[in-house]
Amino acid sequence: MVSMKKKQFLLLIFFGLLLYPLYQAYGVLNLFSSVENPGEIRANIVTYQLSIWLSWVGMMVVSVYYKWRQRDNFFFKITYFFLVFTFGAFGYFTQHAHNVFGNSSRFSDSYTLGAFTTLQNLLVAVVLTIFLQIAVSLFQTKWHRR
């Protein structure tokens, strides 16, 4: 059984993992106002995307551990919100860079590239998270030991 102190410790780790993408997002926002080089902004957007995935890995460790011990999806639910907001910001950054620098793409409007970028990344992350959540649920039962 996970005690209240362990849950608080896991929450501290979980929210500590949020700081890395926030820091990277802040860096991308600062570059939009000061840099004229699209390559540098694109590199920072990719670094932001990497920070999301690295934080997601840590969040999955915490979520799987907590679900295994408590049979509760608390941390998985927070992870889904994290994914929606961070990949939404990633899509916004991608679209904004496209709009500012006028890069060529198949989309002529000012939002479709960002929406598809968000959905593409969000879909992969959510499917992987769902698989992990289901796997923990299945292995909590004893049917696999027969």
Side-chain angles (χ1 to χ4, degrees), residues 1-33 35 38-101 103 105-107 109-146:
M1 181 137 309
V2 177
S3 69
M4 192 56 147
K5 287 186 181 184
K6 278 191 180 179
K7 185 176 181 179
Q8 290 172 347
F9 180 69
L10 291 173
L11 276 170
L12 181 66
I13 291 171
F14 201 86
F15 288 116
L17 291 167
L18 292 174
L19 295 177
Y20 185 43
L22 284 174
Y23 174 74
Q24 292 299 329
Y26 180 73
V28 171
L29 287 173
N30 281 341
L31 280 179
F32 277 130
S33 63
V35 173
E40 186 177 352
I41 288 179
R42 180 68 188 144
N44 278 301
I45 291 172
V46 170
T47 302
Y48 172 67
Q49 182 184 24
L50 179 63
S51 73
I52 295 169
W53 282 107
L54 290 174
S55 293
W56 176 83
V57 169
M59 290 176 180
M60 285 300 92
V61 170
V62 171
S63 298
V64 167
Y65 173 78
Y66 189 74
K67 180 159 178 64
W68 186 265
R69 300 296 300 229
Q70 290 297 106
R71 297 181 184 257
D72 186 18
N73 291 315
F74 176 72
F75 287 103
F76 276 107
K77 290 175 186 174
I78 296 173
T79 301
Y80 290 120
F81 286 116
F82 164 79
L83 292 173
V84 167
F85 289 119
T86 56
F87 280 123
F90 175 70
Y92 169 77
F93 293 153
T94 302
Q95 183 66 53
H96 188 66
H98 172 73
N99 292 345
V100 168
F101 294 110
N103 300 334
S105 80
R106 296 184 210 177
F107 307 111
D109 56 25
S110 63
Y111 62 89
T112 306
L113 177 65
F116 279 129
T117 302
T118 298
L119 289 176
Q120 177 185 15
N121 286 278
L122 184 61
L123 182 65
V124 171
V126 166
V127 166
L128 289 173
T129 304
I130 289 170
F131 281 147
L132 281 170
Q133 190 173 4
I134 290 170
V136 174
S137 295
L138 289 176
F139 278 94
Q140 283 178 323
T141 62
K142 295 185 180 185
W143 67 268
H144 72 282
R145 296 182 188 146
R146 293 182 193 158

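Only a predicted model underlies this, so the values are computations on that prediction, with no experimental measurement involved.
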What one should report as the nearest heavy-atom pair of S63 and F14 is OG-CE1, 4.0 Å
Can you find a pair of side-chain heavy atoms, one from V127 and one from F131, that are under 4.5 Å apart? yes
Are E40 and N44 side-chain neighbours, meaning at least one heavy-atom pair lies under 4.5 Å? yes
Heavy-atom side-chain proximity of W56 to V61 below 4.5 angstrom: no
Does NZ or CZ of K7 come closer than 6.0 Å to the centre of the six-membered ring of F74, within 45° of the ring's axis? yes
State whether the number of non-hydrogen atoms from other residues, nucleotides or ligands found under 6.0 Å of F9 atom CZ is greater than 12. no
Is there side-chain contact between V64 and F76, with heavy atoms separated by less than 4.5 Å? yes
Looking at side-chain heavy atoms only, is the closest gap between K6 and Y66 below 4.5 Å? no
Do S33 side-chain atoms and N30 backbone N/O form a donor-acceptor pair below 3.5 Å? yes
Modelled atom types, side-chain donor and acceptor of Q70 and Y65, under 3.5 Å: no
Got a donor-acceptor contact below 3.5 angstrom from the T118 side chain to the F87 backbone? yes
Between Y26 and L31, does the side-chain contact (heavy atoms from CB on, under 4.5 Å) criterion hold? Intermediate values first, please. CA-CA 9 Å; Y26 180 73; L31 280 179; over 6 Å; no
Side chains of L122 and F90: closer than 4.5 Å at any heavy-atom pair? no
So for atom OH, which belongs to Y111, do other residues, nucleotides or ligands contribute more than 12 heavy atoms lying within a distance under 6.0 Å? no
Main-chain N/O of S51 paired to Q24 side chain as donor or acceptor, under 3.5 Å: no
What residues, two or more places apart in sequence or in another chain, satisfy ring pair (Phe, Tyr, Trp, His ring centres under 6.0 Å) together with Y92? H96
I want to check something: taking the side chain as every heavy atom from C-beta on, are L128 and L132 in contact at a cut-off of under 4.5 Å? no
I need the L50 CG to L54 CG distance, nearest 0.5 Å. 4.5 Å
Gap between atom CD1 of I52 and atom OG1 of T47 - 0.5 Å precision: 11.0 Å
Pair T94-R42, side-chain contact (heavy atoms from CB on, under 4.5 Å): steps then yes or no: CA-CA 8 Å; T94 302; R42 180 68 188 144; 4.1 Å; yes
Taking all atoms of both residues into account, what is the closest heavy-atom pair of T86 and Y48, and its distance? O-OH, 3.0 Å
Show the nearest heavy-atom pair for residues L17 and G58, with the distance to one decimal. CD1-C, 3.4 Å
Let me see the working for M59 and T129 under side-chain contact (heavy atoms from CB on, under 4.5 Å), right down to the final yes or no. CA-CA 10 Å; M59 290 176 180; T129 304; over 6 Å; no
Do S137 and K67 have a side chain donor and acceptor closer than 3.5 Å? yes
Nearest-0.5 Å distance, CG of residue L29 to CD1 of residue I41: 10.5 Å
Any idea which heavy atoms bring T117 and L113 closest together, and the distance? OG1-O, 2.7 Å
Start with the C-alpha gap between L11 and F75, add the side-chain angles, then the distance that decides, and say whether side-chain contact (heavy atoms from CB on, under 4.5 Å) holds. CA-CA 8 Å; L11 276 170; F75 287 103; 3.7 Å; yes
Do F116 and Q95 have side chains that get closer than 4.5 Å, going by heavy atoms? no
